[in-house]
Amino acid sequence: MSNSRPIGVFDSGIGGLTVVRALSHHLPHENIVYFGDTARVPYGPKSAQVVREYAAQDTDVLLGHDVKMIVIACNTVSAVALDVVQKRAKVPVVGVIFPGAEAAARATMKKRVGIIGTIGTVTSNAYPNALRQIDPAIQTFSRACPLFVPLAEEGWIDHKATELIAKEYLFPLTLEKIDTIVLGCTHYPLLKDVISRVLHQTVTLIDSGEATAGTVSRLLDELDLKNSSKLKPNLQFFVSDVPFKFTEIGEQFLGQKLGKVHRVSGFAA
Ligand code: DGL
């Protein structure tokens, strides 16, 4: 098995670039192939059945690139279709739920954890289940925040409207006296400042993508799969559609220039 083979990362769209950003930060020598299903985003409001079908197809795109590991950047897919990807791929698969839950369990002092995500992620109860498995004494309080996705994509990361909506969504969680909150969606790390401000800076924010990058790094070590080359890595980006403003938004999520983006056909909405 060659360790220079890329890590495959997939997401429902552009948001997973926040996870690529975290991976590149923790693992600066790893080659990465990214697939974003931009033609069919968002997955958040879709039924689990449809998301599972999409996840299988997304996995096949990455397997076509001879990846050594698959990282499911999308919280919604990780919540409802981790088993689909694991069954399909003969390589190790990492979703974002368990690493995010582990980081939250480590952070909470009062054992009161808030979880925010898409409707699909929240309805699945994947985070509460994972947290209960890690520490049955932890109490969880979940809230779907679907409007955060278009707001982040619009670049309204520090905007009055975003703050108002954040207050509306997060107020019930403040009443529960949470001390930790899981940002259970690829887009939410972009809204960290607003979320933290609305929670009066007293709540620890857990970025599930960041936590996942740590898990991936440990797993690569354990499996002796880390790329030993110290050359500049090759980051390749594939999407099922190149919508308007794709590069501009993508670079905001990735935190660097995107370079060439390739379109994969056959993923009609
Ligand atoms: N990537 C999705 C997630 O992390 C958010 C966008 C969508 O709804 O597809 O759950």
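Just so you know, ligand 1 is whichever comes first in the structure, and atom 1 is the first atom listed for that ligand.
Side-chain contact check for D11 and Y43: no donor-acceptor pair (N or O, by modelled atom type) lies under 3.5 Å.
Relative ring orientation between F35 and F267 is described as tilted, the plane-to-plane angle lying within the 30° to 60° band.
Taking the six-membered ring for Trp and the full ring otherwise, the centers of F253 and H187 sit less than 6.0 Å from each other.
Sorted by first then second residue, the ring pair (Phe, Tyr, Trp, His ring centres under 6.0 Å) pairs that include residues 193-222, not counting sequence neighbours, number zero.
Heavy atoms only, all atoms of each residue included: A104 and L131 are closest at CB-CD2, 4.2 Å.
Within 4.0 Å of ligand 1, heavy atoms belong to protein residues D11, S12, V41, P42, Y43, G44, C74, N75, T76, T118, C185, T186, H187.
Remark: R40 is positioned above the aromatic ring of Y54, its terminal NZ or CZ atom under 6.0 angstrom from the ring centre and at most 45 degrees off the axis.
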